[in-house]
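Contents: one structure, followed by commentary.
All heavy atoms count here, side chains included; hydrogens, waters and symmetry mates do not.
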Number of protein chains: 2
Amino acid sequence: MDASGHAEQPGRTRLGPDELVRTATVARHHYLLGRSKVEIAEDLGISRFKVARMLDAAREAGLVRISIGQVDGLDLDASARLTDTFGLRHCAVVASGAGADPEVLAALGGTAARLLADVLAPGDVLGLPWSRAVLAMAQRLDRLPRVRVVQLTGALEQPGHDATAVDIVRSAARASGGPASIFHAPFALEDAEAAAALRADRTVATGLEQAGTVTHAAVGVGAWAAGMSTIHDVATAEERRRLAGLGVVGEIAGVPFDADGQPVRDPMTDRLITLSGEQLQGIGEVMALAYGAAKAGAVRAALRGGLVTSLVVDAALAARLEGDDGAAVTVPR
Amino acid sequence: MDASGHAEQPGRTRLGPDELVRTATVARHHYLLGRSKVEIAEDLGISRFKVARMLDAAREAGLVRISIGQVDGLDLDASARLTDTFGLRHCAVVASGAGADPEVLAALGGTAARLLADVLAPGDVLGLPWSRAVLAMAQRLDRLPRVRVVQLTGALEQPGHDATAVDIVRSAARASGGPASIFHAPFALEDAEAAAALRADRTVATGLEQAGTVTHAAVGVGAWAAGMSTIHDVATAEERRRLAGLGVVGEIAGVPFDADGQPVRDPMTDRLITLSGEQLQGIGEVMALAYGAAKAGAVRAALRGGLVTSLVVDAALAARLEGDDGAAVTVPR
DNA sequence: CACTCCAATGCTCATTTGAGCGACTCAACG
DNA sequence: CGTTGAGTCGCTCAAATGAGCATTGGAGTG
């Protein structure tokens with residue numbers, strides 16, 4: 001079309017100031033004062049068709065600007081666009097202004113907490129893994145419908161975090177008033193044998209089985225890069241390379257997946273205590289929490305594979321998700 | 001009620017993030033993508049009534065923001081509001097950003113020139129007095145419909161201005177291609193006798209008579225204060241006081257008027273060579289050019305008395321005109 | 001348990017609006 | 001002088017929309 005700015009439309013005369021103001025007056029009456037076109041037409045002694053055409057012209061000329069605003073730190077326009085683009089069930093984009101990481105994380109957590117409260121209904125089963133973002137959410141959970149809360153992963157000892165998956169599940173259960181399914185085990189063990197032995201423990205085994213009953217989960221998304229994933233960071237150099245070689249771009253609750261969002265099988269996962277890829281895929285509603293443009297690739301892959309159905313992201317990540325080839329990707333319902 | 005930030009409506013539940021985003025999605029589809037409510041309803045599997053109610057809620061919650069923008073340095077929204085408030089025939093508000101006086105004057109002149117070109121039709125008779133703002137306009141007149149141009153006032157010797165009413169009329173006539181009615185005489189004389197003698201001169205007399213045939217005029221508006229009016233500044237201290245005492249708040253083309261916009265008769269006007277108050281009132285379409293909030297009083301008075309029918313003002317003056325008791329004032333058609 | 005209240009939902013009917021079409025104006029051109 | 005073509009205007013008819021009303025579904029209450 002036209003490169004905006006000054007280029008004129010072919011066959012369209014540039015409006016003089018008077019016509020411009022008349023058009024603006026009509027636009028004002030219609031859009032701002034909510035009067036009907038018929039009414040305006042009678043006022044001005046012109047036909048309603050003329051009014052309609054003036055309004056069309058006003059919109060074409062960019063004279064009327066309509067925008068979807070921000071409320072409660074949510075960028076609703078971006079949320080709506082992401083919802084459409086990726087066919088999401090729920091979505092919230094937090095308006096990460098000039099905030100530093102911890103602030104963004106806090107805002108993300110708060111928003112996710114409110115969204116979760118909206119989305120859950122009594123009787124649902126909520127699954128929660130260890131994840132920094134999920135922890136941030138759990139800390140801000142206020143009241144939740146009565147649901148059973150299921151621990152999806154083992155506990156990870158992390159410098160700077162004294163909370164574990166168990167604490168996350170407990171806060172959620174407290175907010176909900178429902179029962180909690182909890183087990184005590186580390187997220188990652190030294191080798192597959194130790195992990196297998198632990199999985200054989202009845203508490204752990206029944207705890208992990210519960211993952212199959214989960215209807216809703218809130219999870220973090222890790223990108224397969226240093227500092228972008230708890231799991232990547234506990235992997236050995238060898239494992240990092242090997243998984244990357246298998247096409248792994250990210251992980252959710254310790255389940256690594258490739259660019260198509262398909263879970264990737266690798267011996268490394270054998271030494272993790274967490275739900276299986278199949279179990280993850282079986283959860284009806286998975287709400288992914290993530291922030292930072294760098295995670296766009298991992299998030300998009302997870303969306304493509306249908307691993308996640310809803311998003312809570314910051315504005316930077318949202319922009320990157322929309323920016324690249326987003327439009328081409330749509331997840332099946 | 002609740003005291004948190006934005007008061008809630010009684011009986012209206014605060015929306016959670018999910019509902020907020022759903023609403024935003026609907027708003028986006030309707031307002032930004034222009035889809036019909038029926039269409040959206042079918043998409044989402046809800047009734048069209050639900051969609052309509054969501055859209056209402058979105059607007060009430062301030063989630064959808066509609067604004068009338070700026071184009072070509074015109075504040076169209078303000079122009080439209082002034083048009084409504086004062087029942088103007090034409091109006092343009094120039095968006096005086098952070099500009100200094102000369103820049104505002106230049107922008108005002110340019111806008112007035114374009115507006116005049118819009119408003120005039122072949123066969124009209126255009127009257128122009130001396131005025132700084134009218135000069136600024138005349139200098140920017142490009143092409144005008146073919147009209148006769150009539151000089152309304154004598155010429156004023158002013159420091160810093162080598163152009164006079166004659167020059168103004170000549171530029172306009174050149175832009176129009178029409179004939180010019182010109183006479184050579186000073187705007188102000190020492191005393192009434194000298195002025196009377198001059199008015200007796202046939203050239204001057206016939207020149208002034210032409211004012212009666214004028215259909216359209218562009219004029220400046222002076223406020224009755226130091227530096228706010230060419231005429232005030234050539235008045236003697238005695239005259240200034242006396243006219244102020246008579247209630248004069250401003251002048252147009254040397255015709256002083258009171259707060260009701262009624263021309264005020266005073267011996268001072270006898271020593272001016274300009275059109276009469278009756279002649280001014282007889283002009284069908286008078287476009288007033290003015291800028292600066294300080295002139296609001298004079299402009300409003302002129303509007304109230306029907307001395308002017310159209311405005312070209314800067315944003316500051318527009319805001320002041322709207323701000324005060326503007327809403328109460330409406331000029332008869 | 002019956003009852004009321006309240007909000008949410010979907011319906012009907014009248015009005016408003018959009019799409020497309022023919023009539024008109026004006027100006028360039030054969 | 002008629003023709004042609006572009007642009008504008010107002011009309012018709014069908015679709016979209018708004019206002020008001022009845023129904024539904026709970027939550028709270030006696």
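When the nucleotides dT12(C), dG10(D), dT9(C) are ranked by their closest atom to the side chain of Phe49(B), dT12(C) comes out on top. The nucleotide whose nearest atom lies closest to any side-chain atom of Ala52(B) is, among dT12(D), dG18(D), dT17(C), dG18(D). Between dT17(C), dT12(C), dA16(D), one nucleotide has an atom nearer to the side chain of Arg48(A) than all others, and that is dT17(C).
Listed pair Lys37(A) / dT17(C) fails the phosphate criterion, with no side-chain N or O lying under 4.0 Å from OP1 or OP2. Dashed line: the shortest gap from a side-chain N or O of Ser36(A) to OP1 or OP2 of dT17(C) is under 4.0 Å. Contact annotation: Ser47(B) reaches the phosphate of dG10(C) (side-chain N/O to OP1 or OP2, under 4.0 Å).
A distance-only check finds a donor-acceptor pair linking the side chain of Glu39(A) to the backbone of Ser36(A) [under 3.5 Å]. For the pair Arg146(B) (side chain) and Pro122(B) (backbone), a donor-acceptor distance under 3.5 Å is absent. Proximity of a side-chain donor or acceptor of Arg140(A) to a complementary backbone N or O of Ala136(A) within less than 3.5 Å is detected.
Atom P of nucleotide dA16(D) and atom CD1 of Ile40(B) are separated by 12 Å, given to the nearest angstrom. What separates CE of Met54(B) from P of dG18(D) is a distance of 15 Å, to the nearest Å. In this structure, Leu55(A) places its CG atom 15 Å from P of dT16(C), rounding to the nearest Å. Atom CG of Asp56(A) and atom C1' of dG18(C) are 9 Å apart (whole Å). Atom pair Lys50(B):NZ and dC11(C):P shows a separation of 15 Å (rounding to whole Å applied). One can place CD of Glu42(A) at 14 Å from C1' of dT17(C), the figure rounded to the nearest angstrom. When the C1' atom of dT8(D) is taken as reference, atom CD1 of Ile46(A) falls 13 Å away, rounded to whole Å. Look at CG on Leu44(A): it is 14 Å from P on dC9(D), rounded to the nearest Å.
Applying the 3.5 Å distance criterion, the base of dG18(C) shares no donor-acceptor pair with the side chain of Arg53(A).
Between the side chains of Arg28(A) and Thr83(B), no donor-acceptor pair is found at a separation under 3.5 Å.
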>> Pair Thr85(A), Glu322(A) - check side-chain hydrogen bond (donor to acceptor under 3.5 Å, both in side chains), show working.
In response: CA-CA 8 Å; Thr85(A) 306; Glu322(A) 285 190 88; 5.0 Å; no
